[in-house]
Amino acid sequence: MEYNPRDIEQKWKQYWDDHEVYKIENTSDKPKYYVLDMFPYPSGAGLHVGHPLGYIATDIFSRYKRLKGFNVLHPMGYDSFGLPAEQYAISTGQHPAITTENNINTFRKQLENLGFSYDWSREVRTSDPSFYKWTQWIFMQLFNHYYDKIADKALLISDLVKTFSTEGNKKVNAVCDEDTPSFTADEWNAMSEKEQQLLLLKYRLTFPEESYVNWCPALGTVLSNDEVKDGVSERGGYPVERKLMKQWAMRITAYADRLLEGLKTVDWPESIKDQQTNWIGRSQGASVKFGVEGHADKQIGVFTTRVDTIYGVTFMVLAPEHEYVAALTTPEHQDEIEKYQKWTASRSEVDRQAEKRITGAFTGSYAVNPFNGEKVPIWIADYVLAGYGTGAVMAVPSGDQRDWNFAKHFNLPIIPILDAQKNMDEAADATKEGRYINSGMINGMTYEEAVPTLINWLEEKGLGKGKIQYRIRNAVFSRQRYWGEPVPVYWKNEIPYLIDESELPLVLPQVDKYLPTETGEPPLGRAEDWKYTPTPGGESYPYELSTMPGWAGSSWYFYRYMNPQNDQEFCSQDAVNYWRQVDLYVGGPEHAVGHLLYSRFWNKFMYDLGLVPEEEYAKKLINQGMIQGVSKFVYRSFNHPNIYISYDRVSDDFTPEELKYLGVNSRDDLGFVGAGFHVDVNLVNEDSSLDIEGFRNWRSENKDAKFLLSSDGKYYCESAVEKMSKSKYNVVNPDKLVLDSNEIEGGKGYGADCFRMYEMFLGPVEVAKPWNTSGIDGVNRFLRKFWGL
RNA sequence: GCCGAAGUGGCGGAACUGGUAGACGCGCUGGACUCAAAAUCCAGUGUUGGCAACAACGUGUGGGUUCGAGUCCCACCUUCGGUACCA
């Protein structure tokens, strides 16, 4: 009997549905195994051949595990909040929920065509109120907790308040804002409600704050650091500028150390662990306070990883935005400093990265080195970043390349401090070799001896201490957008308060347009009656207008699959204690410092609250490589846009007949013949020749196109490997290969088995590779032989 | 610059802890079947020389360890991914 994949597949899919073959229970005598894919954003372009690579791998593995006697959780869902649906809504007026629903239906159908063994009864959608109710609930827990360094976990804010009212905050050791003052119980009790709430915001794990953010004017929203690449937005490639705005933030810094520690316990790719380690950027060093000459009330704190070089300090540099700059600038330097501040503020991220000139300005003031009382000039320069450390550095030109460059450029002194250092005229030498010279109390010591000596002295005098500094910043958690989870907060007297838990979910309101309001408020500002009434019949207060970022829902979705219909809890304790954690997680490496870091952070927080049993939610992670698209380009005449030249003839001379056919006098009449016009890959054959008829019908302006063909009578296109994307016309839809021509136009009818085997046959799952179907017939032959046998 | 991954036939890629390099597939060549084509089947296919048996050379480059290296060590080159005034 002939191999007929479509009949076989339809028959068995029907059987799976009728008998609920893949529906699984949260109880079983078998051992459990949880296989998870990163869920897709349901884009309008539908599923392309790259999506299923990881899904096929996990499906095969799930089936294997089932046969080995495991109870396997293998679910699928949709990360359905996101920018494209909203952009589409802005241009068409169509509600994002409708387009999202349509897109999900397409995805679902395409996934079903591939014969996956998902338990569809567990499907989740992050944009569904029954799902985001719990995203909002977790947000509320974050708001209600602070990070206690002694317990080394998150604890209730309400307990912190009790401590404040009985003993103040002197004994409290918690993660909080740098500028948190210390106070006694009496002082706390004497504060107004507003003052108390403002102080508590400095402790909460999520809180609004004025901060410099990546503002993208084209998208009309704020982006997180990992959403900005090379100074432009990752999505769309629009310019991003620094802007001071009030934003919700997540105190992920509180978990920096545990996020590092946890990496040692998971079986994840080295490259991902490495990226997370670098992103967290732990560096050990010391903080030192420098006095300021003539300003007895001021001290400049710096962070340094090389406190041993402190006798080599010859100047000090502040970030141009540093709060002391105005006060420290002497009248004769005021013009210059203000000019410099203006200039740096005007420079965009892109400018800064493109051109790294040595620039700076002298304030006219001097700092005092606490160790030797030396006066050193205070400069400002944009190589010092306001957002890292204290926004001020002690400059040691003999030990740091940038300081050396700066000193040379502005003719500042350079003091060698180690006998091993070479010629100070050449360049800095950040060595730790040798013994110290010109270095007061550490003269003659080695690095190992010098550091504790200095830190002890600093701590005794109260002028500094050993300190660990992290590169990671608190994560900005609000977006000036419509299509996201509303933040369950209302504002009263300029203070944010949580809405009552019984009001969840706080459902997205209807708006007339999806654009910011005329006054520049986020789209939710358009909603009527977007107000909260804490006490029935009492006064109402405005809700928060921003929504949560894309990574909110994806930070905990893996727990919802365990118990998706639960309306009492995010997931029952029975379910989470049965499934515990993901045993195998497969997804793209592009989420290394986004989703994969944020979700670990939320998980650790939920672990602290006793909501989940494992401190790391994914035991093993595998990154599947991206399947790239092979784009096709046509060459056309610059002067005559409807004349197309076959790729192999672009630099040829043409015969008189050819010129006549094209209707030009000479080759030169065509002008520049340039590529760059993407043509739909579905109009191009295996050998790169163009389906001319199809091309004429593709777009109306191509109807009268003239083609100069190759000697064999075909028109050839140029190829390039690029990311698969709708705009590049290089998206290949798996349906075309799986379904037959009765089901979809141009369907090849290979069937799901052939398609799945072929994707696995393409090469190792982890490796990126361009899509090509040249070998699919080999797999098809195998299946037919196998069927015959 | 720094961190990470990877370099094997015409192509995708195999080769587990050091033990017959190139499995399997694509492509290509020849043959069978057919009036013919497609499909299918059979055989061959790292490079060079040879009718052949066979020989020499072959895993980015140069060294090294070993009875034996694609695999281990050192130095370098190239490609891809990440990241970058982080004090």
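Treat the numbers as computed from the prediction; the structure is a model and nothing was measured. Letters A, B, ... are given to chains in the order of the sequence lines, protein chains preceding strands, and every chain is numbered from 1.
- Taking each heavy atom of A/Tyr436 and A/Ala450 in turn, the nearest pair found is CE1-CB, 3.6 Å.
- Scanning both residues, A/Ile272 and A/Ala592, for their nearest heavy atoms gives CD1-CB, 3.6 Å.
- One P atom belongs to B/rC28, the other to B/rC33, and the distance between them is 22 Å to the nearest Å.
- Using atom C1' as the reference point in both B/rU59 and B/rA23, the two lie 15 Å apart (nearest Å).
- Annotation: B/rC26 and B/rG44 have their C1' atoms spaced 16 Å apart (nearest Å).
- In this structure, the side chain of A/His51 engages the main chain of A/His48 through a donor-acceptor pair within 3.5 Å.
- Ring centers of A/Trp268 and A/Tyr585: at least 6.0 Å apart, outside the cut-off.
- For the P atoms, the distance from B/rG64 to B/rG27 is 44 Å, rounded to whole Å.
- A distance of about 14 Å separates the P atoms of B/rU8 and B/rC80, rounded to the whole Å.
- Here the side chain of A/Phe761 is nearest to one of B/rG12, B/rA87, B/rU83, namely B/rG12.
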Distances for protein N/O vs nucleotides 3-6 of chain B N/O pairs under 3.5 angstrom?
from, atom 1, to, atom 2, distance (Å)
B/rC3, O2', A/Asp274, OD2, 2.2

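- For the P atom pair drawn from B/rC3 and B/rC74, the interatomic distance equals 15 Å after rounding to whole Å.
- Remark: B/rG81 base-pairs with B/rC3. Criterion, Watson-Crick or G-U wobble with two distances under 3.5 Å.
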Determine, stepwise, if the pair A/Tyr255 / A/Phe601 fulfils ring-ring contact (aromatic ring centres under 6.0 Å, His included). CA-CA 7 Å; A/Tyr255 283 86; A/Phe601 157 48; 5.4 Å; yes
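- Interface residues of residues 768-786 of chain A facing RNA chain B, ordered by number: A/Ser774, A/Gly775, A/Gly778, A/Arg781, A/Arg784, A/Lys785; criterion, heavy-atom separation under 4.0 Å.
- The aromatic rings of A/Phe315 and A/Phe406 lie parallel to each other, their planes meeting at an angle below 30°, with 60° marking the opposite boundary.
- Only the C1' atoms considered, B/rA43 is 42 Å distant from B/rG62, to the nearest whole Å.
- Between the A/Asp400 side chain and the A/Asp403 main chain, a donor and an acceptor come within less than 3.5 Å of each other.
- Among the heavy atoms of the strands, none lies under 4.0 Å from A/Arg282.
- Checking side-chain atoms of A/Asp267 against main-chain N and O of A/Lys620 turns up no donor-acceptor pair under 3.5 Å.
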Side-chain donor-acceptor pairs of residues 756-768 of chain A under 3.5 Å, sequence neighbours excluded:
from, atom 1, to, atom 2, distance (Å)
A/Arg756, NH1, A/Asp59, OD2, 3.1
A/Arg756, NH1, A/Leu114, O, 3.0
A/Arg756, NH1, A/Gly115, O, 3.3
A/Arg756, NH2, A/Asp59, OD2, 2.8
A/Tyr758, OH, A/Asn772, O, 2.7
A/Tyr758, OH, A/Gly775, N, 3.4
A/Glu759, OE1, A/Leu53, N, 3.3

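- B/rA38 and B/rA32 have their C1' atoms separated by 16 Å, given to the nearest Å.
- Nearer the 5' end of RNA chain B, as judged by each residue's closest nucleotide, is the contact made by A/Pro764, out of A/Thr305 and A/Pro764.
- A glycosidic torsion no more than 90° from 0 defines the syn conformation, and B/rG9 adopts it.
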